[in-house]
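The structure appears below as structure tokens.
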Amino acid sequence: MMRTCQIVSQKFAIEDAHTLSIAQEHGAYDTLAKCQEFTPLEMIQIIKESGLRGKGGGGAPAGAKWALMPQDSEQSSVLVVNCDESEPGTFKDRQIITKDPHLLIEGILLTCYAIKAQDAYVYIRGEYFQFQKVLQRAIDEAEEAGFLKNINITLHRGAGAYICGEKSALLESLEGKRGHPRLKPKQPEPEWYFGQPTLVNNVETIASVPFIIQNGAEAYRAFGTEKSPGTLLFAMSGHVQNPGVYEAEFGVSMMDYINHYGGGIKNGKALKAVIPGGASTGVITAKEAEEVTLDYEALRSMGSALGTGGMIVMDESTCMVSVLKNLLEFYHEESCGQCTPCREGTGWANTLLGKILNKRGSSADINQLLEIADTMNGKTICVFAPAVSSVIVSFLTGFRDEFEVMV
Amino acid sequence: MNQNIEIIVDGQTYEAEENSLLIDLLIKHEIKVPYFCYHESLGADGNCRMCMVEIVGQKRPQIACDTLIKPGMEVHSKGEKIDTVRTNILELELINHPVDCPTCDQAGECSLQDFYMDYGLHTSKINVQEKVTHAKHVDLGANVMLDQERCVLCARCTRFTDKITHSHELGIIGRGDDARVSTMPGRPLSNPYAMNVVDLCPVGALTSKDFRFHQRVWFLKSAEAICQGCSTGCNIYIDHNKPKYRDDTVYRFRPRRNDAVNGFFICDDGRLSYKALEENRQRQTLLEGQEIETDAACSHLKALVQQHQGNITVIIDANLYTEEITALLVYAETIKAEVTAPLEFYNDANFEDDLLKSAQCAANYQSVLDLNLSTQAPDKKGLIINFNYPEQFHADTVVSFNTHQGAQASLIFPIASYSENSGTLTNKDGLEQFSKKAVTKNSPSPTILEWLERLKQ
Ligand SMILES: Cc1cc2nc3c(=O)[nH]c(=O)nc-3n(C[C@H](O)[C@H](O)[C@H](O)COP(=O)(O)O)c2cc1C
Ligand code: SF4
Ligand code: SF4
Ligand code: SF4
Ligand code: FES
């Protein structure tokens, strides 16, 4: 059974909840007083206990990341909210910033209190121009109402590069440089923005904080599974009756979700495959979709990943070769171009698949695709290339026969 | 302080500082590792992914340029597994590379060629024809030409203009395989060290407009010398060759690494100063403008010395080797001449910067100071014997020993230039450095020491 949960979507159905007055009527900013009961370190402890996991795709425990932020730094700390949302199939953060922007602002204020930051930046995808205006208006209203006395919130528009969603590329971009991911640090440490310790979290992660502070870690853990506590704004697109964004708790069955909220597959067709969590997660077959539950562990055990929870649903009429071609065109376009395997591999794989799709390929070309995928896996600066690699492998594992008949 | 620890590479034990970069150890001990993007002056960028090694206990191969040395570390720098990884990445590097080596000036000193010989000699797996095309003849400014197609996007050149010169002219634009090096419109490459990017570029993407197409590099011989542009004394290679039927010629100067002086770089003025070496050379011995036998010239000078007893000044140029200056001091004493080494001509505050260039624009400036030589204009005006100082002085009689034409003197002796001669120089920090002879001309001009020897007879 689907239990209704509204941790971040509680005001989505309320008309004009993006305005301060309506939002406040429904409890916005109530937690600001409540958080004064806790010290910053106690706040971080609550987040740790809640088991909140990052909702930008990686699912990293948020509390542990917050705890990396120095509490007594000479350089003041910075919060950066990742609203780049460029992963194909993902459109959940924009629900928050348009329907309940004050929830995000409230979350920002709470988080800044916990990590002792005075400056917060929201890095927003350039194409979200209309949505950005809504968020900016909300920030202005909060400012006028005196909520932002101690904290500056700055909206920063990206220039339309997918890679700028990767946190270190995002920070480079925010610093005014090219959006190139940085080399990973050798030990756990914060991110850095102009040499200042920085926390980067997804919009939805931050928007989940007010609920947890208001209701406590246990209330959050009441949803979801032991290892994937809480909820996610799962989303559906593709061949479903009712595509959209619906909050659900982790651990529900994928098919229950698709049937309950999505109204099942469009036009009574049969399901063929699902890309479970945004384009960068490996595709799973209908059979696997029948078995899987929507949590990090279950999808990982299937060789895929939960990612952003944005499901792309495909019915029996779908040509999987074309789908992969579509994805590879995207990756070819979006590779930042730093690492040789990714820069050249995405292009080569894309061209090669074009050859196969035009019936000019051979079965050696299919194997070559897998070899390219192997060279792209685990040998690059960021996980863009490994993700592309796993996507290629998943298509060729689940649907190899469709490729074979083309050559 | 990090302490020295031991690690094992390919079964052999090496000592290294804890937390230093693994790639530095490999380079130092000449353990073969292919790399494009790493450079000791620029640090790690980790983009080329060529420097992969196996580290025992790690699931995946790691890049040596971003691996810190830890106690007990065990590394495999070769073997089938790592060679396959390198081969595959190299293959990707080549997929959009034009491979136009026959017309590429880098051929012979190209990392991509070298790595191909090490890891690429196999049947190509490249099964797509189209290559991404880019501009092939971009004049970046400052004598630097760019071929975007040959570029491996190692970002050494852009990091040089970011981190070393802070002039930021070069950047990479475009994403994925559309990425390419470029300048901003209307803002060409222009800084006093720009041509170093040609040396930094591991492939033939950046070539020197001054040098390209003049010589294939495998014909060149290199001599370890010192730049004479200023008193910094940057270490250089003089690359020269004697093509068939022609004279031994200098084709370029290249920086030679010396961490105590110039690191990896030299300034463009110094680099291009080789041209002046060859132009307008004084090759003949002249008396009042007429060529004369060298023996006769020597006798003539000796007679002049007799004639002007007690009224002679010897002028020493601050670019002469210390050995020459010392010998001239002895000579001056024997003929009872006064000595001066004017520096006026060599002071140029505009030349100075905070990287390498010094305001004292003579190579042995410091020796003149150390020897406490007079730097005044000569006051004894009977006979002046000027050893290559470029300014002219008036006297009853002027005799001049010159590398280059232009002296106003009744008697002129040609001398070897510094590239045709070796010797010691003291740089502005008091460091003594030896500069080796590079060029042997078909008819060499004698050195100052050789002339002095003949004057004794
Ligand atoms: C190629 C790539 C694109 C990404 N895009 C986004 C994005 O659009 N939004 C986002 O929140 N995180 C994105 N991420 C994840 C971020 O790097 C980062 O992990 C995340 O913002 C951290 O927040 P969280 O812990 O709250 O999820 C991306 C990662 C990669 C590798
Ligand atoms: S893996 Fe791809 S996207 Fe990530 S840094 Fe390397 S080239 Fe850029
Ligand atoms: S031009 Fe040369 S140095 Fe610059 S990025 Fe390309 S290959 Fe590297
Ligand atoms: S800084 Fe001085 S010594 Fe160095 S290359 Fe330039 S002119 Fe020559
Ligand atoms: S030298 Fe290590 S990645 Fe390029």
> By a 4.5 Å heavy-atom criterion (distance strictly below it), what part of B:I172 contacts chain A: side chain, backbone, both, or neither?
Replying inline: both
>> Let's test your reading of the structure: which of A:H180, A:E371, A:K186, A:K355 forms the most heavy-atom pairs below 4.5 Å with chain B?
In response: A:K186
>> Out of the candidates A:L328, A:V383, A:V393, only one should pair with A:V388 under the side-chain contact (heavy atoms from CB on, under 4.5 Å) rule; please name it.
In response: A:L328
> Do we see a donor-acceptor contact under 3.5 Å between the side chains of A:E404 and A:S363?
Replying inline: no
>> Are A:Y121 and A:H156 an aromatic pair, judged by ring center distance below 6.0 Å?
In response: no
>> Can you tell me which portion of B:I89 sits under 4.5 Å from chain A's heavy atoms? Options are side chain, backbone, both or neither.
In response: both
>> Using a 3.5 Å distance criterion without hydrogens, assess whether the side chain of A:E166 forms a donor-acceptor pair with backbone atoms of A:S168.
In response: yes
>> So, applying side chain to side chain donor-acceptor pair (under 3.5 Å) with B:H168, which one of B:T158, B:N191, B:D162, B:T161 is it?
In response: B:D162
> Where on B:E130 is there a heavy atom nearer than 4.5 Å to chain A: the side chain, the backbone, both, or neither?
Replying inline: side chain
> In terms of heavy-atom proximity below 4.5 Å to chain B, should A:T375 be classed as side chain, backbone, both, or neither?
Replying inline: side chain
> With only heavy atoms counted, which part of B:M50 is less than 4.5 Å from chain A, the side chain, the backbone, both or neither?
Replying inline: neither
> Measuring heavy-atom distances to chain B, does A:C336 have an atom under 4.5 Å in its side chain, in its backbone, in both, or in neither?
Replying inline: backbone
> Is it the case that B:E15 and B:N4 place a side-chain donor and acceptor less than 3.5 Å from each other?
Replying inline: yes
> Who wins among A:E333, A:M376, A:K184, A:K379 for the most heavy-atom pairs under 4.5 Å with chain B?
Replying inline: A:K379
> Among A:G378, A:G361, A:G179, which residue forms the greatest number of heavy-atom pairs with chain B at distances under 4.5 Å?
Replying inline: A:G378
>> For A:D374, which atoms come within 4.5 Å of any heavy atom of chain B: side chain, backbone, both, or neither?
In response: neither
> Cation-pi between A:R125 and A:Y128: NZ/CZ under 6.0 Å from ring centre and within 45° of the ring axis?
Replying inline: yes
> Is A:R157 close enough and on-axis enough to A:F129, meaning under 6.0 Å and within 45°, for cation-pi?
Replying inline: no
> Is it the side chain or the backbone of A:Q368 that comes within 4.5 Å of chain B heavy atoms, both, or neither?
Replying inline: side chain
